[in-house]
> 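Okay, here's the structure, questions in a sec.
Numbering starts at 1 and runs along the sequence shown.
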Amino acid sequence: MGTGTDRRDRFRILSALLQAKTLRQFDERLQQELAPLLGCEIIGLYLYSESTAAFSPVSESLRTPGSPAYPIDQLPAAGTIKEAAVLAGQAIFTHDLSASPWAEAQAIDPTTCQATSVLVSPIRIPAESRPCATAKTLAVMVAVSPGRPGLFSEEDRVFLDMLGLHIAPVLTAVLAAEERDTLVAINSQVVLGTMTLDNLLSSIQPILREVIPHDTTGLVRFIGAPHGPWFEILSCEGVAVDQEALKQFPFERMAPAEILATGKPLLLTGYNQERFAEHTYFESLGVFSAMLCPLLVRGAPYGFLAIGSRRRNAFSERDLALAEQIGFHLSHAIANLSAYDQIRQLKDQLEQENVYLREEMGASLDLTSLIGNSAALQKSLKAIEQVAPTDSTVLITGETGTGKELVAQAIHRLSPRQHKALITVNCAALPPTLIESELFGHERGAFTNATVRKLGRFELAHGGTIFLDEVGELPIDLQMKLLRVLEAQEFDRVGGSHTIRVDVRVLAATNVDLDQAIKRGSFRADLFYRLNVFPLRLPTLRERREDIPLLARHFVKKYSQRHRKPVTRINSAALNALSGYDWPGNVRELEHVIERAVIVSQGSAITVDELDGLGRGEAPSPEPRTLAEAERAHIVATLSRTNWILAGKQGAAEKLGLKRSTLQHRMKKLDISRPPRQAS
């Protein structure tokens, strides 16, 4: 049936299309103008992708499952009437699609689409208007009339063919305007100060859905895995992807590997992704089309933006070009977020370092107390002088109170790392459930109450030194992770998947016999050998008795100034008593005894009578009058003997036959707190 159309019809259609601001409006106006003019029921618009030879439907009627056109739109382009029109460079029509040689005849339902008239015309930019001198097809228009064979005439074909040439510049302008407006909107969205990696993708979804109909999105980051490059999904919407299931496929045969290697986007139509090993997995999830656009941060591959659909032929080259531009804006946003995140990390690290440094200063050990003329001490001082300038791991051993932490401070302050932090960790004082988080940090949501990300002490010690006191009390399951840090200088936060590298010197100390611990199976032999690079044993005070007078006089001077007492010396009898005692608590016990003597002294010299607490670790106290007082005295005495260590085999809880939590509860109830830490 001829239309009797003339130039006035084309002008009216062009005028209507020129009012369109978006591709969706262009499609709606095209349907409104053409359907009554051609006398057909359906006008459909497809964008054409030359690189993949695919047609992606624009019209809602073509994309809706259940529509008669839906099975046709899922076909590959080869052998279709749409492909024939593009190859011919002109409009084509058939009086009955079901009886035609085109591929669509096999896909339609003959009971509902019998005797269907179809007219297809490419929307193309002619060769003479392009510098490359070859015609370019942007899209195709399809007029469909079910149950009305022979509806379209040669006159209709010529009209639609000419219309395709005239509206091509309008479609080009509409696509460009929509792309511009979309990018402006997305750019405005991603520069907001409240943006994070977690909400980056969801913030642009409303804008993205308006211009590119899709079902799933994902933001993916490349990572360096132990066995080569890999990737992690930062955020994903619309589909549940099992990252562990993806590990069955070799990375080099997957689509992310091609993006990483070429830096070019990928358009997967549902018929061109067989070369990628993972395509069957995503099809099992119902994802049949996808666009993958690379993200670059500071010129280096960061990851990619993934957009997927449950339909085949869902995306066009125009969609890919737009998604690539969106990826460009996301790359800048991620770069800014990474910079802000680094600033926040540095700020957090500096704040936490300041906390640790303030704690260290508040409980600082006086380096001048490393004094003495004995051969045993001089040997230790010589070893400190030798090992301090190196980065070697040092294992400091010795009885409690011999000054292991003091020696660790001396090694750090004599090393090239002296201007960085010395982070001290008492492995016995931390609960086993929290020590991993304390050492290595944790990500937000890693466990209950992990509301924010926390930097571990190894991160805080980056560039400096970490001192692991009482390392022999470290839980066996955590020893392997410590071994990894010692060997590779890398670790993962609790709940994290990103490997963190650090530059840290490790000093460790213990009063536990590690040889016996290895035999008992409570300490790993490989960790011991890695810690024991430079063993440094500190002598007990009874092995250096000639140093006792020097140390005692040093402590008298220190505490007489602190407590504003006129004490200046120790009489000979008191000095003999001090030198004759075995000092099971070593230098720490000697210091406490002298401090008590200074406090109770009534003159300028300390006498034997003022050494009442000698050897007992606590000054005499009145006999307890109540059961609570007796319990308190017993707990305090046990805590003093264990140097206030609660957990572990040498801890007070073990010796009292209590759980750590029970002991802490009773200490709180009886108002027991550790006295201020003093130099040893």
> Show me the side-chain donor-acceptor pairs of residues 208-215 shorter than 3.5 Å, one per line, residues at least two apart or across chains.
from: R209; atom 1: NH1; to: H214; atom 2: O; distance (Å): 2.9
from: H214; atom 1: ND1; to: I212; atom 2: O; distance (Å): 2.6
from: H214; atom 1: NE2; to: Q205; atom 2: OE1; distance (Å): 3.0
from: D215; atom 1: OD2; to: S309; atom 2: OG; distance (Å): 3.4
from: D215; atom 1: OD2; to: R310; atom 2: N; distance (Å): 2.7

> Tell me if the centroids of the rings in Y48 and F55 come within less than 6.0 Å of each other.
yes

> Do I384 and V394 come close enough that some side-chain heavy atom pair is under 4.5 Å?
no

> Hey, is K454 close enough to E438 for a salt bridge, meaning N to O under 4.0 Å?
yes

> List the atom of P122, the atom of T137, and the distance in Å for their closest heavy-atom pair.
CB-CG2, 4.1 Å

> Contact between T269 and R312 at the side-chain level, heavy atoms closer than 4.5 Å - yes or no?
no

> How about D319 and I307: do any of their side-chain heavy atoms sit closer than 4.5 Å?
no

> Could you go through L246 and W230, starting from their C-alpha distance and side-chain angles, then the distance that decides it, and tell me whether this counts as side chain to side chain contact (heavy atoms under 4.5 Å, CB included)?
CA-CA 10 Å; L246 288 174; W230 192 247; 4.2 Å; yes

> What do you reckon, is CZ of F328 surrounded by more than 12 foreign heavy atoms closer than 6.0 Å?
no

> Below 30° counts as parallel, above 60° as perpendicular, anything between as tilted: where do the rings of F458 and F440 land?
parallel

> Hey, are the side chains of L183 and L322 touching, using non-hydrogen atoms and a 4.5 Å cut-off?
yes

> Should I259 and F231 count as side-chain neighbours, where that means a heavy-atom distance under 4.5 Å?
no

> Between E459 (side chain only) and V502 (backbone N and O only), is there a donor and an acceptor less than 3.5 Å apart?
no

> Checking side-chain polar atoms at under 3.5 Å, does D73 have a donor or acceptor matched by the opposite partner on Y46?
yes

> L468 versus L482: any side-chain heavy-atom pair under 4.5 Å?
yes

> So for atom CZ, which belongs to R484, do other residues, nucleotides or ligands contribute more than 12 heavy atoms lying within a distance under 6.0 Å?
yes

> Mark yes or no for whether S203, through its side chain, and L200, through its backbone, hold a donor-acceptor pair below 3.5 Å.
yes

> Taking it one step at a time, do V86 and E83 satisfy side chain to side chain contact (heavy atoms under 4.5 Å, CB included)?
CA-CA 5 Å; V86 170; E83 181 194 51; 5.7 Å; no

> Could you tell me whether the side chain of R505 reaches within less than 4.5 Å of the side chain of T390, counting heavy atoms only?
yes

> Could you tell me whether Q243 atom CD has more than 12 heavy atoms of other residues or ligands within 6.0 Å of it?
yes

> Is a side-chain donor-acceptor pair under 3.5 Å present for N199 with S202?
no

> Is a side-chain N or O of E436 found less than 3.5 angstrom from the main chain of L478, in a donor-acceptor match?
no

> Do other residues, nucleotides or ligands put more than 12 heavy atoms under 6.0 Å from the CD atom of E50?
no

> Checking side-chain contact (heavy atoms from CB on, under 4.5 Å) between F315 and each of S56, S49, S289, which is the one that passes?
S289

> Quick check against the 3.5 Å criterion: does S331 have a side-chain atom that pairs as donor or acceptor with the backbone of L296?
yes

